[in-house]
Amino acid sequence: MPEARVEDLVRTLAPQVLAVLARRSGDFGAAEDATQEALLAAVQHWPVEGIPENPRGWLLQTASRRVIDGFRSDQARRRREDTVAAEPRGAEVPDRDDTLTLLFLCAHPSLTSASAIALTLRAVGGLTTAEIASAFLVPEATMAQRISRAKAKIKKSGLPFRMPAASDRQARLRSVLHVLYLVFNEGYTSSGRGGLHRAELSAEAIRLARLLHAALPDDGEAAGLLALMLLTDARRPARTGPDGDLIPLADQNRALWDRSLIREGVALITAALTRDGIGEYRLQAAIAATHDIALRAEDTDWPRVLTLYTRLEALTGNPVVTLNRAIATAMVHGPDAGLAMLAGLDDSLPDHHRLAAARAHLLELAGEQEEAVRHYTAAAARTGNTAEQRYLTLRAARLRAGHSTSRSPIGTE
């Protein structure tokens, strides 16, 4: 049995098993420890013995035994042990997925937003501590401590494992949305040194976003986030060539884009934009839709993209949004105008590979070939993704040899 298939399966099942155990036992920390032990056992046994007929039930049974064994060592937890033991061992939980409840539990009101996001990426998204640390730009040891403290706070609070009341749900929703956004982004462009995509993470983020939208159908931002994911994921088939090399947005074969996802995403964001207020995910989805409905790169409505990025920047103050607004500005008003905007980002995005890549592309458009090569090379050295690194290195080499490169920088994917 291929180990890669086993690893993909246990990653998919992990949040579901953890959610069930957390609900049964009322102890998030014990449930996560037991789930990790069960996953380790699966990775050890399944490649040799084969995947069981009911893999989720196997994991639940194994993890439940670990929880019970842990409770037996502490007489003060006898009542919770009886609760866990009363559940049918190894049985599949019919028609119930507690993952969404787990999402809201991880967005606990006692946690900072950063801690809640980190814990959810670990418990629900299945990311390693190292991957989460990379996303937050902090050392791995710091992130491990943050996650450990977050689990301890949830355990101490005694918060019941159930969906929060409507009055509390909105307060936690922003963190939940941001978690799903980060999980999707990690899947769409992996921070690790490997392939460009981690499709299982993107798929899981979309699945959870669908659950969230179904639970909160009138929330414009939940709809906007789902639309953004669908409109972005629709381009994935055209994002890499046969050899795995990255293909930027302007150079992609748009016939390969998933039109069913685009139609669904456009319908979602069109409806969401008619609701009161506006939010960052709806604006991002509107930008994605503007790109996706253009049948050719030259048909892109760049003035609309620029207007949307201007509104998004005013709403978020995010320097990455400013970077993308600079690219849109260059497409509307010329590369010099875009470069002038990028000049103000050196302090807020120091050593960021996307800033170097965007600057390189605009310098190339402005005819500053030598400077463009220097920044492409710097961008390649700063990214942790092998596919991005190859792409940027190749662009520098082609430009150095006097060949023109693509029409869009890496930051506009």
Side-chain touch Phe104/Leu173, heavy atoms, less than 4.5 angstrom: yes
Working for salt bridge (charged side-chain N to carboxylate O under 4.0 Å, His left out), residues Glu280 and Arg311: CA-CA 9 Å; Glu280 57 183 299; Arg311 294 184 67 183; over 6 Å; no
Donor-acceptor under 3.5 Å (Arg282 side chain, Leu273 main chain): no
Qualifying residues under side chain to side chain donor-acceptor pair (under 3.5 Å), relative to Gln369, sequence neighbours excluded: none
For Thr112, side chain to side chain donor-acceptor pair (under 3.5 Å) partners two or more places apart: Ser115
N/O donor-acceptor pair under 3.5 Å between Ser148 side chain and Ala144 backbone: no
Criterion side-chain contact (heavy atoms from CB on, under 4.5 Å) on Tyr181 and Gln284, from CA distance to verdict: CA-CA 11 Å; Tyr181 178 72; Gln284 289 188 66; 2.9 Å; yes
Heavy-atom pair with the smallest gap, counting every atom of Val332 and Pro303: CG2-N, 3.8 Å
Heavy-atom side-chain proximity of Leu121 to Ile147 below 4.5 angstrom: no
Tyr376 OH to His353 NE2 distance, which is reported to the nearest 0.5 Å: 13.0 Å
Arg275 CZ: over 12 foreign heavy atoms closer than 6.0 Å: yes
Nearest-0.5 Å distance, CG of residue Leu182 to OG1 of residue Thr120: 10.0 Å
Distance in Å, Leu362 CG paired with Leu339 CG, rounded so as to fall on 0.5 Å steps: 4.5 Å
Atom pair CD1 (Ile269) and CG (Leu283), whose distance is rounded to the nearest 0.5 Å: 8.0 Å
Within-4.5 Å side-chain heavy-atom neighbours: Ile154 and Leu119: yes
Leu342 backbone acceptor or donor facing Arg359 side chain under 3.5 Å: yes
Contact summary for Gly241 and Ile247, nearest pair of heavy atoms: N-CD1, 3.7 Å
Closest heavy-atom pair and its distance - Leu21, Ala63: CD1-CB, 3.2 Å
Donor-acceptor under 3.5 Å (Ser202 side chain, Tyr188 main chain): yes
side-chain contact (heavy atoms from CB on, under 4.5 Å) assessment of Thr377 paired with Arg400: CA-CA 11 Å; Thr377 303; Arg400 191 181 291 113; 3.9 Å; yes
Side-chain heavy atoms of Ile327 within contact of Leu323, under 4.5 Å: yes
Minimum heavy-atom distance Leu392-Ala357, with the two atoms named: CD2-CB, 3.9 Å
Option passing side-chain hydrogen bond (donor to acceptor under 3.5 Å, both in side chains) with Arg236 (candidates Thr240, Asp233, Thr232): Asp233
Approximate separation, where rounding is to 0.5 Å, of Leu349 CG and Arg354 CZ: 11.0 Å
Short side-chain to backbone donor-acceptor contact, Glu364 and Ala372, under 3.5 Å: no
From CA spacing to verdict: side-chain contact (heavy atoms from CB on, under 4.5 Å), Tyr281, Leu226: CA-CA 9 Å; Tyr281 298 112; Leu226 176 57; over 6 Å; no
Minimum heavy-atom distance Gly220-Ala272, with the two atoms named: O-CB, 3.9 Å
Rounded distance [0.5 Å steps], NE2 in His213 versus CD1 in Ile206: 13.5 Å
Check: Leu180 and Met229 side chains under 4.5 Å, non-hydrogen atoms: yes
side-chain contact (heavy atoms from CB on, under 4.5 Å) against Ala294, all qualifying residues, sequence neighbours excluded: Arg254, Asp299, Thr300
Arg174, CZ: over 12 other non-hydrogen atoms inside 6.0 angstrom: no
Summary of salt bridge (Lys or Arg N to Asp or Glu O under 4.0 Å) pairs that have at least one residue in residues 325-337, sequence neighbours excluded: Glu313-Arg325
Polar side chain donor-acceptor pair, Arg235 to His291, under 3.5 angstrom: no
Leu111 and Lys153, any side-chain heavy atoms less than 4.5 Å apart: yes
Salt-bridge present (Arg259, Glu264; N to O < 4.0 Å): no
Contacts of His45 that satisfy side chain to side chain donor-acceptor pair (under 3.5 Å) - sequence neighbours left out: Glu49
Minimum heavy-atom distance between Thr322 and Met341, given as atom pair plus value: O-CE, 4.0 Å
Any donor-acceptor pair under 3.5 Å from Glu388 side chain to Ala380 backbone: no
Arg56 side chain near Val20 side chain, heavy-atom distance below 4.5 Å: yes
Evaluation steps, side-chain contact (heavy atoms from CB on, under 4.5 Å), between Asp346 and Leu355: CA-CA 8 Å; Asp346 290 317; Leu355 175 57; 3.8 Å; yes
For Asp258, all residues meeting side chain to side chain donor-acceptor pair (under 3.5 Å), sequence neighbours excluded: Ser260
4.5 Å side-chain heavy-atom contact, Arg374 and Glu370: no
